[in-house]
Amino acid sequence: MTDIEIGGGDGVRRGAAAGVLGTAAVATGLLAGVYYVFACAVMPALARSGDRTYVEVMRDVNDVIQNPLFLLAFLGAPLLTGVSAWQLRGTRPPRPWVWAALAAHVLAFAVTAACNVPLNDALARATAPGAAREHFENPWVAWNAVRTVLVTLALACLARALLLRGRAERRG
């Protein structure tokens, strides 16, 4: 059976599993890219600004980033990785890599929820820009670096899983 077979069977399941794995990798790449751009461009650029500008821009970013396109990658990447892990549960070559990607996603989500979001919330409530920035900037940048590494690791694991899955498909 081939992946393009219509009407059921292993080929359709293999094709669907490959589609979910590929889509998980794309969503993970988009999410890693967002975090990476913050790490290497947005935050260094903001570091050059005064306290009031820094706080205003970060508040604006925190508001506008909560949109359907970002949430699609933010929630979709780990969700699709989890679905892929479930779909590949009986497939030896790529399975450990997908599970490793899922673990990295879960850790990155935990860092975001436990560290970055509370810092964002505190910044939104702050009244003194200088004190707010002092409390926010270094911890937020550090935790963003952690989640950037974790999501990039998830992407590398998914890329490896795709490669192994492709090799397995060609062999049999």
Side-chain angles (χ1 to χ4, degrees), residues 1-43 58 60-121 139-172:
M1 296 187 151
T2 66
D3 284 357
I4 59 172
E5 183 177 52
I6 305 294
D10 288 339
V12 172
R13 282 191 290 276
R14 281 195 311 269
V20 172
L21 178 58
T23 304
V26 169
T28 300
L30 291 170
L31 189 57
V34 169
Y35 294 159
Y36 181 74
V37 166
F38 269 88
C40 69
V42 174
M43 299 312 288
M58 279 308 299
D60 288 343
V61 167
N62 291 334
D63 285 341
V64 300
I65 203 160
Q66 296 179 47
N67 67 69
L69 287 176
F70 174 73
L71 290 175
L72 192 60
F74 180 71
L75 299 174
L79 178 65
L80 288 165
T81 301
V83 169
S84 183
W86 179 80
Q87 286 178 323
L88 296 172
R89 66 194 177 281
T91 311
R92 177 64 186 120
R95 183 184 59 204
W97 293 100
V98 177
W99 281 101
L102 182 58
H105 268 304
V106 168
L107 289 172
F109 190 89
V111 165
T112 300
C115 303
N116 294 93
V117 170
L119 287 165
N120 291 345
D121 292 344
W140 195 95
V141 167
W143 288 116
N144 184 65
V146 170
R147 68 185 182 173
T148 302
V149 169
L150 287 168
V151 176
T152 302
L153 176 63
L155 177 59
C157 290
L158 291 172
R160 180 70 177 156
L162 280 166
L163 178 70
L164 292 173
R165 191 174 189 297
R167 285 181 184 167
E169 286 290 316
R170 282 191 299 278
R171 278 191 231 126

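Values below: all heavy atoms of this structure, side chains included; hydrogens, waters and symmetry mates excluded.
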From the list Thr81, Val20, Val83, side chain to side chain contact (heavy atoms under 4.5 Å, CB included) partner of Val98 resolves to Thr81

Might you point out which heavy atoms bring [X] and [Y] nearest each other, and give the distance in Å?
X      : Y      : result
Phe109 : Leu75  : CE1-CD2, 4.0 Å
Ala27  : Ala73  : O-CB, 4.1 Å
Arg95  : Arg89  : NH1-O, 2.7 Å
Leu88  : Ala17  : CD2-CB, 4.2 Å
Ala113 : Pro118 : O-CD, 3.2 Å
Ala108 : Val151 : CB-CG2, 3.6 Å

Report the distance from atom [atom1] of [X] to atom [atom2] of [Y], rounding to the nearest 0.5 Å.
X      : Y      : atom1 : atom2 : answer
Asp63  : Met58  : CG    : CE    : 10.5 Å
Asn120 : Asn62  : CG    : CG    : 3.5 Å
Leu158 : Thr28  : CG    : OG1   : 5.0 Å
Trp143 : Asn116 : CH2   : CG    : 9.0 Å
Asp60  : Ile65  : CG    : CD1   : 12.5 Å
Thr152 : Arg147 : OG1   : CZ    : 11.5 Å

Quiz item: So, do Phe74 and Thr112 sit near enough that their side-chain heavy atoms are less than 4.5 Å apart?
Solution: yes

| task | State, with a plain yes or no, whether a side-chain heavy atom of Trp97 is found less than 4.5 Å away from one of Leu162. | result |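 Heavy-atom side-chain distance check fails, nothing below 4.5 Å.
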
Any donor-acceptor N/O pair, Thr148 side chain to Asn144 backbone, under 3.5 Å: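 It does hold such a pair.
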
Report, one line per pair, each donor and acceptor closer than 3.5 Å where one atom sits in a side chain of residues 31-41; sequence neighbours left out.
none

